[in-house]
Amino acid sequence: MTEHTYRILMNGVTGRMGYHQHLLRSVLAIRDDGGIDLGDGSRIQVEPVLLGRNADKLAHIAKQHGIAEWHTDLTAQLAGDAQIYFDAQVTSRRHEAITAALAAGKHVYTEKPVAGSIAEGQQLVDAARAAGVVHGVVHDKIFLPGLRKLKRLVDAGFFGRILSVRGEFGYWVFEGDLLPAQRPSWNYRAEDGGGLVLDMFCHWNYVLENLFGRVRAVTAKAVTHIPQRWDEHGRPYRATADDAAYAIFELDGDVIAQVNSSWAVRVERRELVEFQVDGTHGSAVAGLFGCRVQPRVRTPRPRWNPDEPTTEDFRAQWDEVPDNTEFGNGFRAQWEQFLLDVHHDRPHAYDLAAGVRGLQLAHAGLESSAQGRRIALPGDAA
């Protein structure tokens, strides 16, 4: 059996997302399962090389998981024989590192946002195209079961003409005084690249464009509901970044999407994010794992009577979409797709240009909020 081994420089794996989703549940899971079967008697195998600034943390992770190499010198490793560079650092450090990786001829896979500004993001797109490498941006949510079921419904024409999408995302992130916060403090400091809009609008862009159509305009209001928080050391600090955003997105085909995003909301729904899609022939409510539908022929006829309590169990009138297939970890699924694209030297569907479109939406959302008006997106985004 032929084994094709790809060495992956993984930068930022000491962070929550980099460690749990990308290293532990994706790259190491692929390694420990014997790699990716190519169907011709050969396999793709992976060899992670850890990068970061904290030598003690890197050494601990490497020892714990049987990883042969870890380093703190990015420049030296980019001069080596690793074929792929992966970035899960804080946003403010990403542009410089990816630029260096592209100059070294590495294939690049990265978390979002791809850079701190649209101009920097476009620089990365141009550099990647000039280098002729495979490049990708994490689009994890569309690989998860709930949205895969939703995509199946769209492709099957279940909805008829899609009219609208309504999304609710968020949960209560503790301020840090009563209980430790579940998110790092830099998320709430604009000067460090924090902010909900910059974080989540990049997600909403790829979810909307891959399921329903390109975003053409946005009207948004970004706010900081909780102006003071406490950091990882229990010290109070001023939150300078937005922690919630309320947006209307105008999509291709006259579809209207409304998405509320907040780190200051208590959850009263089945999942931390849910999207309701309404169409002429049916509706669906999808989270990251489940998906429920109500077709036109089963749509009830509620009666509005403000003088009597409602007796109908509306949620019981929806049907669960069965799994019908085995769904794995969404992050791993995209890692496998990216590795296959690298191996076959073909473009990755969710590339740096897609990442720039996410940045454009985030910045348009912030501009809309600051100016109190609708902002049109560029027609030829990236």
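In this chain, residues are counted from 1 in sequence order.
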Would you check, one step at a time, whether the test salt bridge (charged side-chain N to carboxylate O under 4.0 Å, His left out) holds for Arg183 with Asp243?
CA-CA 11 Å; Arg183 299 189 68 87; Asp243 58 18; over 6 Å; no
State whether a side-chain donor-acceptor pair under 3.5 Å links His203 with Tyr206.
yes
For Arg315, enumerate each residue passing the side-chain hydrogen bond (donor to acceptor under 3.5 Å, both in side chains) test, keeping only those at least two apart in sequence or located in another chain.
none
Kindly state each residue pair satisfying salt bridge (Lys or Arg N to Asp or Glu O under 4.0 Å) with at least one member in residues 130-147, sequence neighbours excluded.
Lys112-Asp140
Do Trp335 and Phe143 make the cut of ring centroids closer than 6.0 angstrom?
no
Partners of Gln334 by side-chain hydrogen bond (donor to acceptor under 3.5 Å, both in side chains), sequence neighbours excluded?
Tyr109, His348
Report the residue from Phe169, Phe249, Phe212 that forms a ring-ring contact (aromatic ring centres under 6.0 Å, His included) with Trp204.
Phe169
Other than Trp304, what residues sit in its cluster of Ile, Leu, Val, Met, Phe, Trp and Tyr side chains whose heavy atoms are under 4.5 Å apart, directly or through others?
none
Checking Glu191 against Thr240: is there a side-chain donor and acceptor pair closer than 3.5 Å?
yes
So which of Ile8, Leu50, Thr14 actually passes side chain to side chain contact (heavy atoms under 4.5 Å, CB included) with Leu23?
Leu50
CG-CD distance between Asp278 and Gln294, expressed to the nearest 0.5 angstrom
9.5 Å
Co-members of the apolar cluster containing Trp230 [side chain, <4.5 Å]
none
Indicate if Val277 and Leu163 have the same hydrophobic cluster label, given that clusters are the connected sets of ILVMFWY residues with side-chain heavy-atom separations under 4.5 angstrom.
no
State, without any angle test, whether Gln337 and Asp341 hold a side-chain donor-acceptor pair at a distance under 3.5 Å.
no
Result block: side-chain N/O donor-acceptor pairs under 3.5 angstrom for residues 323-332, not counting sequence neighbours:
from	atom 1	to	atom 2	distance (Å)
Asp323	OD1	Lys149	NZ	2.7
Asn329	OD1	Phe331	N	2.9
Asn329	OD1	Arg332	N	2.9
Asn329	ND2	Gln21	OE1	3.3
Arg332	NE	Glu336	OE2	2.9
Arg332	NH1	Asp33	OD2	2.8
Arg332	NH2	Asp33	OD2	3.1
Arg332	NH2	Glu336	OE2	3.4

